[in-house]
K.L.:
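My questions all concern the structure below.
Just so it is clear, the values below take in all heavy atoms, side chains as well, and ignore hydrogens, waters and symmetry mates.
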There are 2 protein chains.
Amino acid sequence: MKRTQIRKSPKRPATMAEVAARAGVSAMTVSRALKSDGAVSEETRRRILATVEELGYVLDLSAGALSSKRTGFVAVLIPSINNSNFSDTARGITEAIESQGLQMLLGYTDYDMDKEEQLVQAMLTRRPDGIIVTDGRHTPKARRMLQSAGIPVVETWDLPADPIDHVVGFSNAEASRALVHRLYHQGYRNIAFIGGASRRDTRGADRRLGYKRAVEELGLPPGRTISFGNPPISMEQGGEAIVHLIEQWPDVDAAVCVSDLSAFGAIMECHRRGWAVPGRIAVAGFGDFEVSRCCWPRITTVAVDCRNIGLEAGRVLLGALDDVREKRTPGPETLIVPFQVIEREST
Amino acid sequence: MKRTQIRKSPKRPATMAEVAARAGVSAMTVSRALKSDGAVSEETRRRILATVEELGYVLDLSAGALSSKRTGFVAVLIPSINNSNFSDTARGITEAIESQGLQMLLGYTDYDMDKEEQLVQAMLTRRPDGIIVTDGRHTPKARRMLQSAGIPVVETWDLPADPIDHVVGFSNAEASRALVHRLYHQGYRNIAFIGGASRRDTRGADRRLGYKRAVEELGLPPGRTISFGNPPISMEQGGEAIVHLIEQWPDVDAAVCVSDLSAFGAIMECHRRGWAVPGRIAVAGFGDFEVSRCCWPRITTVAVDCRNIGLEAGRVLLGALDDVREKRTPGPETLIVPFQVIEREST
DNA sequence: CGAGTTTATGGTATCGATATCAATCACCGC
DNA sequence: GCGGTGATTGATATCGATACCATAAACTCG
């Protein structure tokens with residue numbers, strides 16, 4: 001037996017059916033009126049929109065997602081939200097996809113592959129239309145889930161040897177190598193590396209790898225690396241590290257840091273101790289953070305256009321979604337974005 | 001006429017019904033087995049989880065949300081994702097809610113009320129279980145939508161005169177006022193304010209207001225304020241501003257900046273020009289960013305525990321959600337978080 | 001002017017889960 | 001051995017939109 005419930009309470013939000021009834025049309029017509037593409041006469045649309053306004057109706061996309069099989073979500077995993085490089089990428093992604101009515105579902109992995117795996121699972125639970133990750137390495141299970149999710153995947157900030165699907169990135173190792181070569185060109189011969197030993201920060205590990213390759217190629221004294229705890233590496237840790245570095249190898253004349261933040265911390269510590277930068281030791285960073293452009297001495301670094309990585313990743317994803325819709329099946333796309341060594345006063 | 005579709009394609013993800021059929025139980029039992037609380041015998045659960053694994057089944061929450069009328073989303077609006085104060089708050093919120101299986105839906109307002117209004121609308125479309133905003137002022141329409149959404153609302157980073165629902169924040173004006181008083185106590189008498197004139201950054205405007213009140217109370221020369229463009233304010237802009245400031249009022253002995261970032265930029269510019277900080281001019285900031293603790297001179301600032309604001313906002317929201325579930329109806333909660341003036345070498 | 005096409009709209013099935021209530025079964029105490 | 005209690009499971013209706021197809025009206029053109 002079905003009983004009609006009569007409620008006066010305006011608590012329960014209005015449904016599309018109610019709007020339809022009130023406007024004297026079918027629910028389907030209301031649905032069309034609320035999409036931009038829907039073919040509805042101008043007059044009807046006006047009437048419907050007025051009713052929507054009157055009832056304070058808000059479309060329920062979670063219901064729409066179920067029937068249309070498109071959620072309009074793009075899952076995005078970044079290592080940390082506090083790192084402005086990654087948040088710039090997230091912003092770029094947002095800019096690229098919001099014009100298509102897509103919305104970002106953001107998660108932080110804390111530089112941890114296991115956390116990434118959990119997040120991939122949690123995100124897939126929301127049935128995103130696509131997913132963008134900030135890494136080229138994953139746990140086997142995460143990889144499997146990404147592959148079999150049946151949605152476009154974009155790996156960014158890396159150039160994986162064996163991509164899952166699409167890629168928008170650059171080689172952290174190559175970038176770091178280029179930076180060391182530049183320092184060599186400037187005349188430095190005892191070059192050390194600070195950071196990047198953590199198993200967690202794979203991009204940092206790649207940068208260290210590039211450093212190692214470079215010192216080998218150039219015949220410089222190898223093995224001068226200092227590491228510290230888990231990412232995210234702080235400015236303070238950069239300061240501590242450079243002190244250890246100079247204690248351990250007093251002849252070093254340049255330090256490449258895994259990121260500008262640690263480079264900045266290192267330089268400030270040098271100031272406090274009266275070590276001239278670059279007189280006593282040159283310091284370079286990675287990432288071209290705002291602080292590096294603004295501090296004194298300004299920091300030599302590797303610049304990548306982080307926002308652009310996001311824009312391109314979003315663009316590639318949109319393209320892939322279009323391909324699915326149009327039943328085209330082009331192969332995965334790999335886009336290599338440029339990096340640039342910027343020489344400043346710290347070296 | 002209905003035709004049975006036989007597909008070999010594993011493209012289409014498995015459904016709960018398929019898992020159920022394969023495990024020889026009903027869909028309802030699968031659903032229970034996948035929730036932690038569900039009452040299912042150990043033996044059945046094991047069998048179901050094995051089948052889930054075998055088929056690579058991933059729960060579809062977007063379908064679950066429709067029937068349970070709970071999406072598990074918490075919408076969070078922050079002014080900018082690149083500002084580590086706000087991203088720390090977002091991180092705190094995530095920490096607080098993820099234990100309850102809730103997920104954050106993040107949006108950036110770009111310090112723009114109109115954008116906030118659009119975002120509120122877009123977010124409500126996803127039917128979040130609650131919403132957290134980083135402001136106490138909103139467009140009339142945004143306010144109306146928040147009020148009538150029928151979900152708990154938490155306003156943070158502010159103490160609105162007329163709260164919508166719950167509040168977790170502090171008075172930016174009071175904090176700024178306290179900072180000026182501290183400078184006065186240190187002996188500064190010609191104190192200026194940099195930033196915060198934008199109609200967009202209401203927190204910045206409040207800080208400027210607190211400054212004005214303080215100089216009035218203390219009988220100091222008023223009106224020494226410099227503003228610059230729209231937020232987010234950059235380090236570079238802080239540098240430009242302090243130059244204008246000193247040109248315009250050569251007798252200023254201290255500058256309060258709307259944020260640590262502009263304070264840092266100002267200090268660096270002073271370095272470049274050979275103006276001693278604090279000898280020629282003292283500089284204070286707001287927000288206790290990492291750079292202020294690490295640079296030299298370290299920057300006097302107002303510290304707020306940003307992550308804690310997020311944790312508390314999350315906690316308040318969870319409480320409110322519990323209240324709804326248990327049909328309790330306590331009044332809105334207002335939690336005032338402390339701030340602290342930290343005196344360092346820049347003043 | 002009639003066949004063919006386009007435009008606007010509605011009816012119905014369906015997306016994939018969960019709420020709710022009912023049914024079954026084992027076990028317990030007296 | 002019987003009613004009662006709690007644990008486990010299932011059947012069915014439903015959440016609120018959109019896809020898909022059908023239909024009616026208006027319009028096009030040789």
K.L.:
With a 4.0 Å limit, can you tell me whether S41(B) has a side-chain N or O closer than that to the phosphate oxygens OP1/OP2 of dT9(D)?
P.N.:
yes
K.L.:
How close or far is atom P of dG11(C) from atom CE of M28(A), stated in whole angstroms?
P.N.:
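To the nearest whole Å, that distance equals 12 Å.
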K.L.:
Can a side chain N or O of S68(B) be found less than 4.0 Å away from OP1 or OP2 on dA17(C)?
P.N.:
no
K.L.:
Going from CG on L61(B) to OG1 on T71(A), what distance comes out if it is rounded to the nearest 0.5 angstrom?
P.N.:
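Between L61(B) CG and T71(A) OG1, I get 11.5 Å after rounding to 0.5 Å.
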K.L.:
Indicate whether OP1 or OP2 belonging to dC15(C) is found under 4.0 Å from a side-chain N or O atom of T15(B).
P.N.:
no
K.L.:
What pairs of residues pass the side chain to side chain donor-acceptor pair (under 3.5 Å) test when at least one of them lies in residues 22-32 of chain B, not counting sequence neighbours?
P.N.:
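Passing the test, one end in residues 22-32 of chain B: R22(B)-E54(B), S26(B)-T29(B).
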K.L.:
Please state whether the phosphate of dG16(D), meaning OP1 or OP2, lies under 4.0 angstrom from any side-chain nitrogen or oxygen of K69(B).
P.N.:
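So the side chain of K69(B) is within the cut-off, an N or O lying under 4.0 Å from OP1 or OP2 of dG16(D).
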K.L.:
Report the residue (A27(B) or R70(A)) whose heavy-atom-nearest nucleotide on DNA chain D is the more 5′ of the two.
P.N.:
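It is A27(B) whose nearest nucleotide is closer to the 5' end.
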K.L.:
For dA17(D), does either OP1 or OP2 sit under 4.0 Å from a side-chain N or O belonging to S31(A)?
P.N.:
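So the side-chain polar atoms of S31(A) never come under 4.0 Å of the phosphate oxygens OP1 or OP2 of dA17(D).
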K.L.:
Does a distance-only test, which skips hydrogens and angles, find a donor-acceptor pair under 3.5 Å between the side chain of R127(A) and the base of dG16(C)?
P.N.:
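When only heavy-atom distances are counted, R127(A) does not reach the base of dG16(C) through any donor-acceptor pair under 3.5 Å.
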K.L.:
Ignoring hydrogens and angles, tell me if any N or O in the side chain of T89(A) forms a donor-acceptor pair with the backbone of C306(A) under 3.5 Å.
P.N.:
yes
K.L.:
So, does S26(A) get its side chain near the phosphate of dT9(C), meaning an N or O under 4.0 Å from OP1 or OP2?
P.N.:
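S26(A) to dT9(C) OP1/OP2: no side-chain N or O under 4.0 Å.
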K.L.:
Thinking salt bridges, do E43(A) and R46(A) make one under a 4.0 Å N-O criterion?
P.N.:
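Salt bridge: no.
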K.L.:
Check this one for me: any side-chain N or O of K35(A) less than 4.0 Å away from OP1 or OP2 of dA17(D)?
P.N.:
no
K.L.:
Looking at residues 50-67 of chain B, who's got a heavy atom less than 4.0 Å off DNA chain C?
P.N.:
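Close to the strand are Y57(B), L59(B), D60(B), A63(B), G64(B), L66(B), S67(B).
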K.L.:
Round to a whole Å and report the spacing from CZ of R47(B) to P of dT8(D).
P.N.:
14 Å
K.L.:
Going by an N to O cut-off under 4.0 Å, is there a salt bridge joining R91(A) and D110(B)?
P.N.:
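Salt bridge between R91(A) and D110(B), a charged N being under 4.0 Å from a carboxylate O: yes.
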K.L.:
Tell me, with the steps shown, if H138(B) and V120(B) meet side-chain contact (heavy atoms from CB on, under 4.5 Å).
P.N.:
CA-CA 10 Å; H138(B) 319 277; V120(B) 167; over 6 Å; no
K.L.:
Please check if any side-chain donor atom of D158(B) sits under 3.5 Å from a side-chain acceptor atom of T202(B), or the reverse.
P.N.:
no
